[in-house]
Number of protein chains: 2
Amino acid sequence: MADPERSTELLWGAKGRRGLNTQRIVRAAIEVAAAEGLEAVSMRRVAERLGFTTMSLYRHVPGKAELIDLMRDEVMGEAAPGDGGPGRETGWRGEIASWARASLALYRRHPWLTESPGTRSVPGPNAVAGFDWALGVVSRTGLPPAQVVAVVTFVGGFVESAARRIVETERMERLTGVGEEEWWGARGSLFDRLRDDYPALERVYREGAYDEPLDPFEFGLERVLDSIEVLVRDERRDESRCQVCGNPVETPAKGRPRSYCSRACQQRAYRMRRG
Amino acid sequence: MADPERSTELLWGAKGRRGLNTQRIVRAAIEVAAAEGLEAVSMRRVAERLGFTTMSLYRHVPGKAELIDLMRDEVMGEAAPGDGGPGRETGWRGEIASWARASLALYRRHPWLTESPGTRSVPGPNAVAGFDWALGVVSRTGLPPAQVVAVVTFVGGFVESAARRIVETERMERLTGVGEEEWWGARGSLFDRLRDDYPALERVYREGAYDEPLDPFEFGLERVLDSIEVLVRDERRDESRCQVCGNPVETPAKGRPRSYCSRACQQRAYRMRRG
DNA sequence: TCCGCTTGTTTATGGCGTACACATAGTTGT
DNA sequence: ACAACTATGTGTACGCCATAAACAAGCGGA
């Protein structure tokens, strides 16, 4: 019972402060990335921040690439289905929009996500959870499963692309101190001289395309949702596509028209019907 | 007239072989990236390939970041409008599809493009030329200029996103030697145990979503084109949007309905009408 | 007590981008 | 013709990076 200082440390701080573990390393790396960008994340910097030597990290993490994978999956957990989506919109259109906006918010909260490799690595549990959540949302459209997956991929790709653009633009503005419209404005005179080289650009510029530019994310999201709406509407009674996988199905010249593209899909539909 | 060896060198090789210049450096860097990937591109490696010292490069290129910018712009020149588009499809839908497929081909020809920073830097002349070409294609839809720019951004973002996914998938397969469907197949048993954690994923998987997956690029392209079609159709007589910039325009309760969202757009329309 | 395992440290290697001082060849002004 | 200057390539050096390999200290069980 002597030395209450040490007792307290052991009881309360043992797991938390004493000793290294994977989670502490990952969290420290995220802090470095948040403060100074992904390119500032090095094994040295992370170890310094934790008060350990560089090599100590390798007892808990195989290498830097894996550390970045872990960082990605860690923050992916923030958009977990637990919160039930931020907007609580009704109908699949609103739900997908909410999902897209929540994903964008995630990318903006962690701008380094757009710089890190991405699909290169094995998806982690949190990433899969987000994927699963999105599948659930898109499933409510009633599309066949293969199309549900394709739609989730499509929307996810759009959001990542738009987020990358936004984050890069913001970084550019912060770095150079000059906003986008000023930049284009300053180039106006340049375009005057390049009128012959870039006729279409010169034309839309002259017609005021850049005076009140549309928000790329909201514009793109609207397009994405429109396209899904077309798909859902057409899919309802489109006899020319397989009910299971959505691939086109050949219509035989005579006889009963087919509902499935292959014997395999027919069997799957049967099994689904049975439970 | 003595030493024909040297004379030949001077006459034929002077510009081509003797001496360094920016273009030779850029081309050598592209060769390295093509052979061993972007991460293998270092100032040392590029200099070695040219038979010069590392530091000699800095007489012609400010630094590595700028070199990569130059590499990007160099290959962007390949999709120049000169070839008139590869498919020579008719109608804006076919033209945009051709543009998208040509861009995808460019990314596949130079997989390192998807790894390099991207929008981070100032666009080069060839990139702007490609942008200009795309603007010309999309302009034929008859959309207002601000929407033309937004559509080009949208389509370009989609293609880059899809290309990144494709290139990463291919690299993964080449690296691990295992195809995507095998990978998911091997994880099938894993999903069985995680049935409770990922219900939606488990469900679409069981319903055969991955048995005959849709091509993400072709599926997405179809969606993108559908959404533009909706936009073009709606835009034809949509009185609630500005004819110039496409922003929504307020409808006054009484009196003549407005055609433009602002005095500025009204003036621009007037100027355009006059020539 | 000794053994083996976990965890953190020390030292070393090879690669990277690039700053800086120097060398040499070509050009220009007188 | 000669000096000054500029353009271009080289050699050396610094600090950072990821990580391999050997080592050391603590700790649990036999």
Side-chain angles (χ1 to χ4, degrees), chain A residues 3 6-7 9-11 13-29 32-33 35-72 112 115-117 120-121, chain B residues 3 6-7 9-11 13-30 32-33 35-72 112 115-117 120-121 175:
Chain A
D3 196 353
R6 174 153 171 74
S7 295
E9 180 65 36
L10 281 174
L11 283 171
K15 276 236 174 75
R17 207 165 310 277
R18 217 56 142 194
L20 223 40
N21 60 53
T22 306
Q23 202 181 49
R24 285 190 65 194
I25 294 174
V26 172
R27 292 229 226 271
V32 172
E36 305 177 55
L38 190 66
E39 79 276 4
V41 175
S42 74
M43 301 303 265
R44 275 169 163 71
R45 298 274 289 102
V46 173
E48 269 173 25
R49 169 171 280 259
L50 291 166
F52 287 85
T53 60
T54 306
M55 291 311 291
S56 66
L57 306 188
Y58 287 90
R59 293 287 176 200
H60 305 269
V61 157
K64 186 180 178 178
E66 290 83 355
L67 174 55
I68 289 178
D69 287 351
L70 290 171
M71 290 168 65
R72 286 181 64 85
W112 51 269
E115 302 172 63
S116 63
R120 179 177 321 206
S121 54
Chain B
D3 196 353
R6 173 153 173 74
S7 295
E9 181 65 36
L10 282 174
L11 282 172
K15 275 238 174 72
R17 207 165 310 278
R18 218 53 143 195
L20 223 40
N21 61 51
T22 306
Q23 202 183 48
R24 286 191 63 195
I25 294 173
V26 172
R27 292 229 226 270
I30 290 173
V32 172
E36 305 177 55
L38 190 66
E39 79 276 5
V41 175
S42 73
M43 301 302 266
R44 280 170 163 74
R45 298 274 289 100
V46 173
E48 268 174 28
R49 168 170 280 258
L50 290 166
F52 287 85
T53 60
T54 307
M55 291 311 291
S56 66
L57 306 189
Y58 286 90
R59 294 289 176 198
H60 306 269
V61 157
K64 186 179 179 179
E66 291 83 354
L67 174 56
I68 289 179
D69 287 350
L70 289 171
M71 291 168 64
R72 287 182 63 85
W112 50 269
E115 302 172 64
S116 62
R120 180 178 320 205
S121 54
L175 230 67

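What you see is a predicted model, and the numbers here were worked out from it, not measured in a lab. Here is the naming used below: chain letters follow the sequence lines, and residue numbers restart at 1 for every chain.
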Chemist: Heavy atoms from C-beta onward define the side chain here; which of dC16(C), dT10(C), dT8(D) lies closest to that of Thr53(A)?
Modeler: dT10(C)
Chemist: From the list dC17(D), dC20(C), dG17(C), which nucleotide is the closest neighbour of the side chain of Arg44(A)?
Modeler: dC17(D)
Chemist: Hey, does Ser42(B) reach any base, or is it just sugar-phosphate, or nothing, if we go heavy atoms under 4.0 Å?
Modeler: sugar-phosphate
Chemist: How many whole angstroms separate atom CZ of Arg45(A) from atom C1' of dA18(D)?
Modeler: 16 Å
Chemist: Nearest 0.5 Å, what's the CZ-OG1 distance between Arg59(B) and Thr53(B)?
Modeler: 9.5 Å
Chemist: To the nearest Å, how far apart are Tyr58(A) OH and dA22(D) C1'?
Modeler: 17 Å
Chemist: From the options dC17(D), dT9(C), dT18(C), select the nucleotide whose nearest atom is closest to the side chain of Met55(B).
Modeler: dT18(C)
Chemist: side-chain contact (heavy atoms from CB on, under 4.5 Å), that's the test. Do Arg24(B) and Arg27(B) meet it? Break it down for me.
Modeler: CA-CA 5 Å; Arg24(B) 286 191 63 195; Arg27(B) 292 229 226 270; 5.8 Å; no
Chemist: Please compare Arg59(B) and Gly63(B) by the position of their nearest nucleotide in DNA chain C and report the one closer to 5'.
Modeler: Gly63(B)
Chemist: Quick one: Ile68(B) CD1 to dG17(C) P, roughly how many Å, whole number?
Modeler: 9 Å
Chemist: Let me know the distance between NE2 of His60(A) and P of dA18(D), rounded to the nearest Å.
Modeler: 17 Å
Chemist: Find the distance Lys64(A):NZ to dC17(D):P and express it as a whole number of Å.
Modeler: 8 Å
Chemist: In whole angstrom, give the distance that lies between atom CZ of Phe52(B) and atom P of dA23(C).
Modeler: 20 Å
Chemist: So does His60(A) get a backbone contact from the side chain of Thr22(A), meaning a donor-acceptor N/O pair under 3.5 Å?
Modeler: yes
Chemist: Taking atom P of dT8(D) as reference, at what distance in whole Å does atom CZ of Arg24(B) sit?
Modeler: 14 Å
Chemist: To the nearest angstrom, how far is Met43(A) atom CE from dA12(C) atom P?
Modeler: 21 Å
Chemist: Where do Val41(B) and Lys64(B) come nearest, in terms of heavy atoms and distance?
Modeler: O-NZ, 2.9 Å
